[in-house]
Amino acid sequence: MSITKEFDTIAAISTPLGEGAIGIVRLSGSEAISIANKVFKGKDLSKVPSHTINYGHIQDPDQAEIMDEVMASVMLAPKTFTREDVVEINTHGGIAVTNEILQLLLRQGARLAEPGEFTKRAFLNGRVDLTQAEAVMDIIRAKTDKAMNNAVKQLDGSLSQLINQTRQEILNTLAQVEVNIDYPEYDDVEEMTTALMREKTLEFQTLLENLLRTAKRGKILREGIATAIIGRPNVGKSSLLNNLLQEEKAIVTDIAGTTRDVIEEYVNIKGVPLKLVDTAGIRETDDIVEQIGVERSKKALKDADLVLLVLNAAEPLTAQDRQLLELSQDSNRIVLLNKTDLPQVIETEYLPLDTIAISVLTNKNIDQIEERINQLFFDNAGLVEQDATYLSNSRHIALIEKAVQSLEAVNEGLALGMPVDLLQVDLTRTWEILGEITGEAAPDELITKLFSQFCLGK
């Protein structure tokens, strides 16, 4: 059981700044209750039961004027998020009043919290490990229910449990090696032969490689599929964006070149976030502003995970259409033949066999786009089993890849006939790398950098 460390008392606004029903100013630390008591007019917060909410007012001790009518929540250590005493002051949700109360608490002895410092304290005090702390940010940033569920599972410790079990197995293997080296005369200790070492190493490697296979789907859940909608001007790209978003986000006219810049929006497709990028129509143009938009469109095409190429069924294929078909042929591409509600003129024999004929105007076959995305990214299996553990964090993925490389080095050494005791170095390195994922072996600089990316007040 970890012992809570002694820190100074921090304060921050934990709700988004702006108008709202409530605003919350949070205090955490050994002096949280005494500092709050200096400004809270109501019950003595040092005498109220833990995990209660108490009615009162906030007043500057140096002035008679009441600042706001509030509810103060008191939560005593260790049963709090930070494992410290926590007070949350629920104010009316205005910018001025929450800021004034925060400044008042700072004048009474609290320190302004750094970004992510509440969650950092939860980690340092043993309330969560590093993967769970990162899951907090993933929950905040989740754009779909599936992304949120994946983050919640990580917060519950599903990934941590898997990593910790693997580290323990590696430790057991290393211990066996040490026993056989130090006490070879013990007949009852299983001899760590080359064959057994190879068996264990391959077992660890298979487990980690299986975990890496979830990375593609995990990152999609976390970050979404970067989707570029491309096509020459006036084929219906912006209309398609508006249809998928179910709102008029892009300006739609019959004038070619209306979209001058790249428009980015997120849409939920069967629980998977698509980062839709409506690009300027790619064509030769003398308009300086439109030229910049066209160049950005080409970059969006290059960076996209998925390309939706829109063609006009009511017009013959143009040189620009053929160029776009060629440019996108090596991408994860879905070719959409729009305006099929009009008489068809386009030469379909030059189009891919899996082209989807749609009409944004009449909503024809729009659902087939979702089905094709599922085929391209999820092999028609959806997002695998509900209880699976997914890798979605780039830091975790990079460390797992390094751990696999260390295990491969062990296997290479075994193939070359190196003594088992010399291969302990690479196996120990694997154990250390996995410890960086959960924070067991993470350097202080990494921890500071990770929590600096959190929002203030979390």
Side-chain angles (χ1 to χ4, degrees), residues 1-15 24-36 45 49-53 72-90 105 110-142 148-168 222 389 392-393 395-396 399 434-458:
M1 182 176 179
S2 62
I3 300 174
T4 303
K5 298 178 182 179
E6 188 71 30
F7 297 112
D8 55 356
T9 299
I10 54 174
I13 299 171
S14 293
T15 45
I24 297 176
V25 184
R26 176 185 289 168
L27 284 159
S28 180
S30 58
E31 300 298 317
I33 294 172
S34 63
I35 290 173
L45 297 180
S50 180
H51 294 76
T52 59
I53 188 164
S73 301
V74 175
M75 292 161 279
L76 301 179
K79 295 183 179 181
T80 68
F81 179 62
T82 59
R83 282 192 172 168
E84 302 173 334
D85 290 346
V86 172
V87 177
E88 291 185 349
I89 299 173
N90 292 252
L105 294 172
R111 172 176 63 78
L112 182 64
E114 298 171 357
E117 190 169 1
F118 290 96
T119 310
K120 183 178 181 180
R121 290 192 176 195
F123 165 70
L124 294 174
N125 289 327
R127 171 68 172 76
V128 295
D129 67 23
L130 211 51
T131 65
Q132 292 171 302
E134 289 169 300
V136 172
M137 206 66 231
D138 288 345
I139 291 173
I140 293 170
R141 293 173 176 167
M148 182 190 69
N149 291 339
N150 189 48
V152 168
K153 285 174 61 181
Q154 186 169 310
L155 182 60
D156 286 342
S158 61
L159 179 60
S160 304
Q161 184 177 5
L162 182 63
I163 295 299
N164 288 333
Q165 286 175 350
T166 305
R167 292 187 82 224
Q168 187 58 50
R222 187 173 191 259
T389 298
S392 61
N393 185 296
R395 186 182 73 88
H396 302 166
L399 288 170
L434 294 178
E436 287 187 44
I437 295 176
T438 59
E440 292 289 334
D444 292 341
E445 296 81 6
L446 171 64
I447 292 169
T448 300
K449 181 180 179 182
L450 283 174
F451 286 106
S452 70
Q453 299 171 26
F454 280 49
C455 51
L456 195 65
K458 191 59 188 171

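- Considering only residues two or more places apart in sequence or on other chains, T52 meets the side-chain contact (heavy atoms from CB on, under 4.5 Å) condition with V48, P49, N54.
- Scanning both residues, T80 and R127, for their nearest heavy atoms gives O-NE, 3.6 Å.
- Contact detail for S14 and R26: the closest heavy-atom pair is OG-CB, 3.5 Å.
- Shown here are the side-chain contact (heavy atoms from CB on, under 4.5 Å) partners of I53, two or more places apart in sequence or in another chain: M71, S73, N90.
- Take Q165 and apply the side chain to side chain donor-acceptor pair (under 3.5 Å) test, not counting sequence neighbours, and it matches no residue.
- Distance check, rounded to the nearest 0.5 Å: OG1 of T438 to CD of Q161 gives 13.0 Å.
- Side-chain N or O atoms of T82 include none that pairs as donor or acceptor with a backbone N or O of F118 at under 3.5 Å.
- For the atom pair CG of L105 and OG1 of T9, the computed distance is 10.5 Å after rounding to the nearest 0.5 Å.
- Annotation: side-chain contact (heavy atoms from CB on, under 4.5 Å) contacts of A11 (sequence neighbours excluded): L27, L102, L106, A110.
- Taking 4.5 Å as the limit, every side-chain heavy atom of V87 sits out of range of all side-chain heavy atoms of I35.
- Rounding to the nearest 0.5 angstrom, the gap separating the CZ atom in R167 from the OG atom in S160 is 11.5 Å.
- Counting only distance, with no hydrogens or angles, the side chain of D129 and the backbone of T131 share a donor-acceptor pair below 3.5 Å.
- Side chain of H51 to backbone of K79: a donor-acceptor contact under 3.5 angstrom is found.
- Contact between E84 and G29 at its shortest, heavy atoms only, is OE1-N, 3.4 Å.
- R395 places a side-chain N or O within 3.5 Å of a backbone atom of I437 that can act as its donor or acceptor partner.
- Considering all non-hydrogen atoms of both residues, A36 and L45 come closest at CB-CD1, 3.9 Å.
- Evaluation of the salt bridge (charged side-chain N to carboxylate O under 4.0 Å, His left out) rule for E31 yields no partner, not counting sequence neighbours.
- Note that the CZ atom of R83 and the CG atom of L124 stand 12.0 Å from one another [nearest 0.5 Å].
- Look at D8 and R121 and you find a salt bridge, because one of the NZ, NE, NH1 or NH2 atoms lies within 4.0 Å of a carboxylate O, short of that distance.
- Listed here is the closest heavy atom pair of E436 and L399: OE1-CD2, 3.7 Å.
- In this structure, the side chain of T166 engages the main chain of L162 through a donor-acceptor pair within 3.5 Å.
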